[in-house]
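Here is the structure we will look at, set down as structure tokens.
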Amino acid sequence: MGTAIQTTRKDHRIAALAALAITIHIAEAALPSPIPGMKPGFANLITIIALMQFGWSTAAWVSMLRVLGGSLLIGTFLSPTFLMSLTGAIASISVLWLAIRLTRTGLGHFGPIGYSVLAAMAHTAGQFSVAYWLFIPHPGMLRLLPILLSLALLFGLINGIISCMIIKQLGVQTDQGT
């Protein structure tokens, strides 16, 4: 006889949010892209909402599970695409962790839009770093960086605004803690 794994309400919340993020991730993967790998990042809406509602650790779980689950379902697990996605997610979650710490010390204040922009920029920088250093170490790649960061800023703003609207519609209190 096996031992039943005890789950908590937080486990169920993370699973539900991750499932939603994975669904959006898969739908977004089907969208055509004018620049290879550049997507609007709508799945990151769920990460920002999780961050604002439930704190950093929930957002980190949702982000990492989205990358893992999405790559398994799309068929990119352990591929260069997976590595770039994972690096981008780690970079964005790391920047969100730092931004929350700065907010707690009074050195800054970020809302959903600020967090979304920071996460989008970090995600893009992380992905670009992997692409440049591991896959295409060509100086011409550096010409793409300003374009990619500009698009990250735009999509970060859009996703932040959408996050604000969703959070307002949900009518929930936000918890930017760990």
Notebook entry, point to check: With distance as the sole test, does Ser116 use its side chain to make a donor-acceptor pair with the main-chain N or O of Gly156 at under 3.5 Å?
Noted result: yes

Note to self: With side chain to side chain contact (heavy atoms under 4.5 Å, CB included) as the criterion, how do Leu45 and Ile24 come out once you've worked through the C-alpha distance, each side chain's angles and the decisive distance to 0.1 Å?
What the structure shows: CA-CA 9 Å; Leu45 286 167; Ile24 295 169; 5.7 Å; no

Margin query: I'd like to know if the side chain of Glu28 reaches the main chain of Phe42, judged simply by a donor and an acceptor atom lying under 3.5 Å from each other, with no hydrogens or angles considered.
Written below: yes

Margin query: Is there a side-chain contact between Leu170 and Ile166 in this structure, where contact means two heavy atoms from C-beta onward sitting under 4.5 Å apart?
Written below: yes

Checklist line | Closest contact, heavy atoms only, Ala59 versus Ile93 | finding: O-CD1, 3.8 Å

Next item on the list: Before giving the answer on side chain to side chain contact (heavy atoms under 4.5 Å, CB included), spell out for Met64 and Leu68 the whole-Å C-alpha distance, their side-chain angles and the decisive distance to 0.1 Å.
Entry: CA-CA 6 Å; Met64 293 298 116; Leu68 179 63; over 6 Å; no

Next item on the list: Indicate yes or no: at least one non-hydrogen side-chain atom of Leu17 is less than 4.5 angstrom from one of Thr58.
Entry: yes

Checklist line | Side chain proximity check, Trp61 to Asp11, heavy atoms < 4.5 angstrom | finding: no

Next item on the list: List in chain and number order the residues that pass side-chain contact (heavy atoms from CB on, under 4.5 Å) with Thr124, two or more places apart in sequence or in another chain; answer none if no residue qualifies.
Entry: Leu148, Leu149, Ala152

Margin query: What verdict does the side chain to side chain contact (heavy atoms under 4.5 Å, CB included) test give for Ile113 and Asn159, after you've listed the backbone C-alpha separation in whole Å, the side-chain angles of each residue and the deciding distance to 0.1 Å?
Written below: CA-CA 7 Å; Ile113 295 172; Asn159 287 336; over 6 Å; no

Next item on the list: Could you check if a side-chain atom of Met121 sits within less than 4.5 angstrom of a side-chain atom of Val95, using non-hydrogen atoms only?
Entry: no

Margin query: Give me each pair satisfying ring-ring contact (aromatic ring centres under 6.0 Å, His included) with a member in residues 68-88, each pair once, sequence neighbours excluded.
Written below: Phe77-Phe82

Item checked: Residue list, side chain to side chain donor-acceptor pair (under 3.5 Å) with His138, at least two apart or on another chain -> none

Next item on the list: Could you list who else is in Leu31's hydrophobic cluster, with ILVMFWY side chains joined at under 4.5 Å, directly or through other members?
Entry: none

Next item on the list: Let me see the working for Leu102 and His109 under side chain to side chain contact (heavy atoms under 4.5 Å, CB included), right down to the final yes or no.
Entry: CA-CA 8 Å; Leu102 289 173; His109 177 73; over 6 Å; no

Notebook entry, point to check: Transitive ILVMFWY cluster of Ile26 at side-chain heavy atoms under 4.5 Å: who else is in it?
Noted result: Ile22, Leu73, Ile74

Next item on the list: Would you list the pairs meeting side chain to side chain donor-acceptor pair (under 3.5 Å) in which at least one residue belongs to residues 64-86, sequence neighbours left out?
Entry: His25-Arg66, Asn44-Arg66

